[in-house]
Amino acid sequence: MSARAPDGTGRRWWQSLEELAGSESFAETIKAEFPSLFEMARVDRRELLRVMGASLALAGVTGCKPAKSDDAVPFVNRPPGFEEGRIDHYATAVLTDGFAQPVLATTVAGRPIKLEGNPEHPASRGATSFLTQAALLDLYDPDRSQAPLLRGTTADWADFDAQMQRWGAAWRANGGAGVRLLIAPTTSPTLIRQIEQLKAALPKLRVHLFDPLTGYGADPVTEALGAVQPLLRLENARAVVSLDDDFLGAGPAQVANAGGWAKRRGDVPNAERIRLYMAEATPTLTGANAQHRIGVRPSRVPLLAAAIGAKLGIAGPASGLTAEEFGWVNSAAAALLANRGKALLTVGRHSPAPLHSLAASVNQRLESSAIEYLEPIALVPDASYLDLVRDIESGQVAALFMFGANPAYAGPADIDFAAVARRIPLTVHAGIHYDETAAISAWHLPVPHPLEDWTDARSIDGVATIIQPVVQPLYDTRSLHTLLAGFMTDEPPPDARAIVRQHWAERLADENGWNAALKMGFVAGTAAKPATVSPRPMPIEVQPPPGGIEIVIRPDPTIRDGAGANNGWLQELPKPLTKVTWDNIIAISPATARSFGIAASGEPASNRCPMIEVESGGRTVTGPAWVMPGQPDDVATVYLGYGRRGVGRVGNGIGHDAYKLRTAAAPWTATGTLLAVPGMAVVATTQTHHRLEGGEEVPFVPAADARYGGATDGESIYPRWNEGERAWGMVIDTDLCIGCNACITACQAENNVPVVGKKQVYEGREMHWLRVGRLYTGQPDNPGTMFQPIPCMHCEQAPCEMGCPVHATVHSPDGLNLMVYNRCIGTRTCSSYCPYKVRRFNWFDYTTDAPPSIEAQRNPDVTVRGRGVMEKCTYCIQRIRGCAVAADIDNREILDGDIKTACQQACPTNAIVFGNLADAGSAAAKRRASPRNYALLGELGTRPRTTYLARIEEGEEQA
Amino acid sequence: MVERALPLDETLHEISVDVGRVPLRFPARVPWAIAMVLSLMLVGLFLVSITYLFARGVGVWGLNIPVNWAFAIHLYVWWLGLGHAGTLISAMLLLMGQDWRNSLNRFAEAMTLCAVVCAGIEPIIHLGRPWFFYWMFPYPATMGVWPQFRSPLEWDIWAVLTYLTVSLVFWYIGLVPDLATVRDRARRRGWRVFFGIFSLGWRGSALHWDRWRRCYRTVAVIAVPLVVSVHSEVSLLFASGQIPGWHSTIFPPYFVLGAAFSGFAMVAMIAIVMRHTFQLGDLVTERHLDVLAKVLLASGLMTAYGYVFEVWDGLYSGNVHEIATIHDRFFGIYAWSFWGAVFFNFVPLQALWLRSVRRNTVLLFLIATSVVVGMWMERYMILTTSLYKDFLPSSFGIYHASFWDWSTYIGMIGVFFTPFLLFVRYIPSISIFEDKEVLAREHEESGNG
Amino acid sequence: MVEKPLGILAEFDNQDRLLDAAKAARNEGYRSLDAFTPFPVEGMSEVLRIRDHRIGWLSVIGGFAGFFGMLLIQLYVNADFPLDVGGRPILAWPAFFVVDFEIMVLGAVLTPIIGMFYLDGLPQLYHPLFSTPRFSLASDDRFFLYIDASDPKFDKESTRAFLRSLEPATIEDVIE
Amino acid sequence: MAQVFSRTADTRFRAIVLAILALSIGSLFVAGVYARSQYMTDVARTPLQPVPFSHKHHAGELGIDCRYCHTDVETSAGAGMPSTHVCMSCHSQLWTNAAILEPVRQSLAQDRSLVWHRVIRVPDYVYFRHDIHIAKGVACVECHGRIDRMPLTYRAKAITMQFCLDCHRDPAPRLRPRNAVLDFDWKPPADSKALEQKLVRLYKIHSPEALTQCGVCHR
């Protein structure tokens, strides 16, 4: 294949476990190679490493005396293909909301240590979202449930099978009367097929969907358009009008949408540039990246929709727009009309059906090529969660199987599921955690993580990926496929691989096709077919704006509905706009804040936010009030996902549970009142400073003539150091960065960056090597927002190096600002002198007593830093060195693109480019030559190797 | 007519007695014992603090990124500053032939020693891995790596070591003849052996006196530029960085003056206390205090000039970041440290224009105290206000001193006073023979005149 | 009192009388003279013709040694493992001189002090003079003139007589 | 007034002063020696192995190729320890009853790994790779010494950072043709200088500056 492994040593792209499976010795291989993985949670790390037989660099930096000899433990039988320290890349996928996120899993000694995007996959093109990156940590989550539990006490699968056989027999007899499945969203063709078979076998069985991210009742999109899967094609869009649709925000389509958006940003001709009009009820990433944004109360959104519809001759005229709204509607509608074919009107997933209907009609009228409607990809349920509750209350449910669903936590507040569930004779919960729902179920069954199990799934464009395990299951789990199969047979159900293989039997008849699909990471030709939609005409009812405060309910920007709550990487990842970690806040506008006598959040010295209480329908939540620039007045936004009780040590008991404000009827909005309550909350934010800066750090250049005067290298009195044939450098295009944070999580995963917890972050000690600076311009009520990823600049004349008394940070001939942990004595002079403050310090020992399973994730090519040493972005030196060694071994040059830094590889918009500046042909050198190129704080004469491309200012409308 | 440093009715013998009795027949046992117990308790606190510090890591302090230097470093500067007065008084005034110094220099130097020891400890305990501090010295290691001599931190290590050694020997050779005096006054054998050994058998031979003088003056001549260089290097530890508020050429003189200023204040405080506790009123006369106060006033005004110029320098630079920092010092969240420094270092000081105040020990003591506090705030201000907001808003962060910051600092005060108390207890704390010299000269003058 | 004394010690009660006495002794032709005083007496060095400039030179030598010694170390370590530090030159003279200066000071201070004690023959805890009863006053308020027996002109009787002519407070023989 | 000290006091006093000086300087010197001592460097340390394996016999006398057991030495960071299977591929025929081979047979029988004790191990923050050194013509003997003459394997060289630097600063004299890398008895030709220059060109050996930059071994 074209690309090489990032570290240059993996000669085996697309290598799949199947090849090993071919040989008889596969079984012994697994036994010899991974036994400790079964034990991992219990055995100590030494034991684990021994059996791994791999020399992992897990210990921290130690003193002068070299460690005494360790034990070397070879195999009894060396598994074929095993090579000490070899790095393999298996094509597979992880799931976001049931949709496949195609990845290449980097594994060392049988442990996946990093997920990269699959460059061959049409939907992602090698990029990943922060959710995909963080999915790896879920695999190693020490709080995963590890054995079946019967009423909370450890049971045996045998016990369950015995039960299941009795139930199965009975149900097959009565056609499955009263048996219900409550299942989280899934796109697995195998699973969907199994469910069909199940329903054939048990005609009376019904399947309900539980998805707190879309709502609890009927899906508005289906209502308006029938069962279809909308798919944005932003690469075809010239003008996009979004009514509260955060399509650049976290979610299964984030990578694809961001990729398409980026194709019309940066160096495209001004006429081809995407124009984004956003009307939103609360600030989102999409709004932050929109040129024309207004914040409106949620009750106004239908009105705006109607108004736009009117302009395009659909739906009746709308009256009562404010001047601002009127202006926005006019320019938005004008832009739509002016770009027929390349125009797009999109509405939020949570909007009522009539808006979806309207949007579809508008797009059809505009012959928009920027959106496709595909045949449904995800499971289409028989009924909704509300239907289920109704049936339970009417006593029709005898047995409820909940697969990945957690209604006890994520259900609406006006349904007390715990109480409801008591009316069901048999409740079975299958999930990755022993969560709130498991706690009230008769049976809890642990299910495997996608990385340790056979299954399949489809990405948002419908392309199917066969998900193969890249590690022996860590715990005694059982896949959903096997569980479902158990309904239909008396024999011990077949294992997941057999079921999946059987499902693909006709399409991938021969082993070659099967192996090819596994190696490629997806099944060619499975993209979803276009569906014809005829939007049901639905009147848009515009309610008069309710009195009091309107409450907007949104998934948390990082842990979303709460499923990610036990993931340290997600918890410590700053929310893109607020930069808050480990917590959810209640966002209110500056004006509203003033009316409650609350000062602007997060000015230094006030990481403490006043508490505020949101009340709706007699239910209240109390949380830190966050003054959010761009938030509409009299609107309070609360975020779901926190206040969990049953997810694990990381996620339990932090933040407040905003589900308390959610009603089954209106899961996304509510009306109520705000009440300032006494007390301050400590909010750990990584950017304490929120003043409106203007483009000092991120300058604007006019679209017409995109050049920036800023010199990269000032004059210096020092002779320039050796210009080798390798000069590593990075160029970041601020016009492409959407602030999604994928780079941060990718860096954290690649470089063993520790999670330090809320208190440390609050103290200003977060360890992320790369931060995404968030800058506001203009007025607080509707500011312009920009993002700027700031890694180490690798200055050619680095102030930090000058300050170090022991040569612990020095410069390499190829232009890296090296950090030698084991030489560092921790004077911290380097960080004091660093104008960019990109260095991080190990204030305590953050690494030694991590759980063994966390240590198993660590990258053996990166030193795990001990207490008292400085660390910082290394440009992923382990990848550079690995590639250089590989190149030197066969005496060749390093090709441009061979080396990708972790952040670059993850970035969905290619905002980050890394390469050899000495090679004029390299992508990095070309970018650096761009007239938009500028050095951050270049006037200090540090000659940074990391430079930026200025942001392009919105040109006048090209009507 | 010039006022005398010492009263004429004093005789040479009385000087020996006045001073000599302090070690031999200690006059103020009770207050001393109390002071000693207190300061030993502080030492205990210090030991507890650094034990916890070494066990857990520097994270026990309130440090973070960006403010990764705070108490340890600003106290290092502060202690060192206090120390400088001793050397300046004994060396510079000696060269300028200022007789009045002779009653002050001995304990001023002792104070210097104690302060420099504290200053030396601070940077070492602030290391992330203090057990590797020796990597800063050039020794042939099996690692084959050497220290990095471009680093201001490397400079400081050598500066402080040199300064400590020089202060020590300067103090000691000045002490030898007096130890001999006490040796000869002592009755108990233990004392005679003790002082006998440390006086190295000094006999006061004319030949020895001749060499001693040359030597003492040579060291004095060298000590003055040393003081200036040491604190200049301390200032370079900041000025070498590009951080706004640090990156300024005014820093070296600014720091040296501030150091002398705080030092003189410290000397004044100690002089007043000792004068009262040990009834040394005849030796540390009002005139001494008066002159000291004048010096304090002078150096204070220079420091004030430094403030003005620093602000002017920043504004004149036209650099947005410099100006932002200055604005921040005036109005930011650490403004208290700036205005505190301005107030305590400048306002009470002005009272010293009045002779009556200069001679009022209580007032002088209070003013000196305010100066020491003021300089403490200034050093704190220089560190935090520059670090917590430097260039990029995305990196701004705040610092709050933790409990362990304070406990380490307060404990360090004990580390300062314990050796000093031992000194006043067991060693002639005023230069006997130099006072005799002065007295003899005055007798002559009065005889002739 | 049979054996010959090491020398004779004459006690005066202030430095002027001592100076006169010393002058007289010089004029009388005595050369192995010494004086013991509680503080350095103005003009005594001139009277006794003490001119020892070695201290100053020692300081100069020590200073030079310190400066260039340290400079050599710095040059060596930077040549031994040359590393690119912030793009600064390998030989960063201005930076090196800072430490060189400190070590120069160190040398310039320590050598003359060590030299002084060496030349003085100190430490010398035991000395015959300490046996003479009143010598202890030399560190208090008495001034002593001492004529050593090694002086060619020394004679137990005549020297005693000469000293007595200077009307000292006391006269003592210094004996082993 | 009587003497405080006896005549001999001075001698004793000076002796003590000198002793203190000598001690303080001497201790530094001792520390330097200690750091280079066998205790610190583990030179000649011969760990007790489960089986008294003799490289002298296998590599020296029988002349078995290093790579027969250390299969990964050319392709990966670690040289690779032979699996029990490899041992038994011969010893299922030879010495099948030898008592000292019992642990090996047990290992195979009970499917339990043999636990060898490393003779050389660099600290975790040092990233050493065998493959690149082999590829650039650095012989085993440079670091491992005359393995082929070791009845029991011991550490032949002091693997200090200085040791690594010495070679990285002046690699040329340690180079030899790739085919001679495993050859313990290889003698450089008469005009070794010419060969060195040739190899440096042929193997594209980097400049000492590039080879001694910290990032080569430390990440």
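The structure presented is a predicted model; accordingly, all values stated were derived computationally and were not measured. Below, each value reflects all heavy atoms present in this structure, side chains not excepted, and no hydrogens, waters or symmetry copies.
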**Report entry** Crowding at CD, C:Glu167 (>12 non-hydrogen neighbours, <6.0 Å)
**Finding:** no
Query raised in the report: chain B heavy atoms under 4.5 Å from C:Phe144: which part of the residue, side chain, backbone, both or neither?
Result: neither
Query raised in the report: Heavy-atom distance under 4.5 Å to chain B: side chain of C:Tyr126, backbone, both or neither?
Result: neither
**Report entry** Any side-chain heavy-atom pair of B:Ser205 and C:Phe36 under 4.5 Å
**Finding:** yes
Query raised in the report: Quick one: are B:Asp184 and C:Asp140 in side-chain contact, heavy atoms under 4.5 Å?
Result: no
Query raised in the report: Using a cut-off of under 4.5 Å for heavy-atom pairs, which of C:Asp141, C:Asp120, C:Ile113 has the most such pairs with chain B?
Result: C:Asp120
Requested in this report: Decide if atom CZ of C:Phe64 counts as having more than 12 heavy atoms of other residues, nucleotides or ligands within a radius under 6.0 Å.
Outcome: no
Report summary line: Whatever's closer than 4.5 Å to a heavy atom in chain C on B:Arg213 counts as side chain
Report summary line: When the 4.5 angstrom heavy-atom criterion is applied to C:Phe97 and chain B, the contacting part is neither
Query raised in the report: B:Leu200 versus C:Gln124: any side-chain heavy-atom pair under 4.5 Å?
Result: no
Report task. Report yes if some heavy atom in the side chain of C:Leu122 is under 4.5 Å from a heavy atom in the side chain of B:His208; otherwise report no. Result -> yes
Report task. Tell me, with the steps shown, if C:Phe39 and B:Trp209 meet ring-ring contact (aromatic ring centres under 6.0 Å, His included). Result -> CA-CA 8 Å; C:Phe39 54 83; B:Trp209 275 124; 7.9 Å; no
Report summary line: Residue from C:Leu125, C:Thr37, C:Asn78, C:Ile73 scoring the most non-hydrogen pairs under 4.5 Å with chain B is C:Thr37
Report task. Mind ranking B:Ala180, B:Gly196, B:Ala159 by heavy-atom pairs under 4.5 Å with chain C and telling me who comes out on top? Result -> B:Ala159
Report summary line: Closest non-hydrogen contact found for B:Phe433 with C:Pro38 is CB-O, 3.3 Å
**Report entry** Heavy-atom contact with chain B under 4.5 Å, split by part of C:Arg54
**Finding:** side chain
**Report entry** Contact class of C:Asp16 relative to chain B, heavy atoms under 4.5 angstrom
**Finding:** side chain
Query raised in the report: Under a 4.5 Å heavy-atom cutoff, which of B:Ile157, B:Leu161, B:Val230, B:Val219 has the most pairs with chain C?
Result: B:Val219
Requested in this report: Take C:Phe117 and B:Ile173 through the test side-chain contact (heavy atoms from CB on, under 4.5 Å) and record every step on the way to the result.
Outcome: CA-CA 10 Å; C:Phe117 284 124; B:Ile173 59 172; 4.1 Å; yes
**Report entry** chain B contact via C:Tyr76 - side chain, backbone, both or neither, heavy atoms under 4.5 Å
**Finding:** side chain
Report summary line: Highest number of heavy-atom pairs under 4.5 Å with chain B among C:Met104, C:Glu42, C:Met44, C:Arg51 belongs to C:Glu42
Query raised in the report: So do the side chains of B:Trp155 and C:Glu102 get within less than 4.5 Å of each other, counting heavy atoms only?
Result: no
Requested in this report: Spell out, as yes or no, whether a donor-acceptor pair under 3.5 Å connects the side chain of B:Arg150 to the backbone of C:Ile90.
Outcome: yes
Report summary line: Pair count under 4.5 Å, heavy atoms only, with chain B: among C:Val47, C:Leu110, C:Val77, highest is C:Val77
Query raised in the report: For the side chain of C:Ser45 and the backbone of B:Asp210, is there at least one donor-acceptor N/O pair under 3.5 Å apart?
Result: no
Query - Ion pair B:Arg214/C:Asp52, N-O distance below 4.0 Å - result: no
Query - Which portion of B:Leu207 sits near chain C, non-hydrogen atoms under 4.5 angstrom - result: both
**Report entry** Validation row: B:Arg183, C:Phe130 side chains within 4.5 angstrom (heavy atoms)
**Finding:** yes
Report task. Search all heavy atoms of C:Ser139 against all heavy atoms of B:Thr181 and return the closest pair with its distance. Result -> O-CG2, 3.1 Å
Requested in this report: Select one option (side chain, backbone, both, neither) describing which atoms of B:Pro138 are under 4.5 Å from chain C's heavy atoms.
Outcome: side chain
**Report entry** B:Phe149 and C:Phe96 aromatic ring geometry - parallel, tilted or perpendicular at 30°/60° bounds
**Finding:** perpendicular
Report task. Starting at CD of B:Gln148, measure out to CD of C:Gln74 and round the result to the nearest 0.5 Å. Result -> 10.5 Å
Report task. Grab the two heavy atoms, one from B:Trp212 and one from C:Met116, that are nearest each other, plus how far apart they are. Result -> CA-SD, 3.5 Å
Query raised in the report: chain C heavy atoms under 4.5 Å from B:Glu233: which part of the residue, side chain, backbone, both or neither?
Result: side chain
Report summary line: B:Ala206 and C:Leu48 have their tightest heavy-atom pair at CB-CD1, 3.7 Å
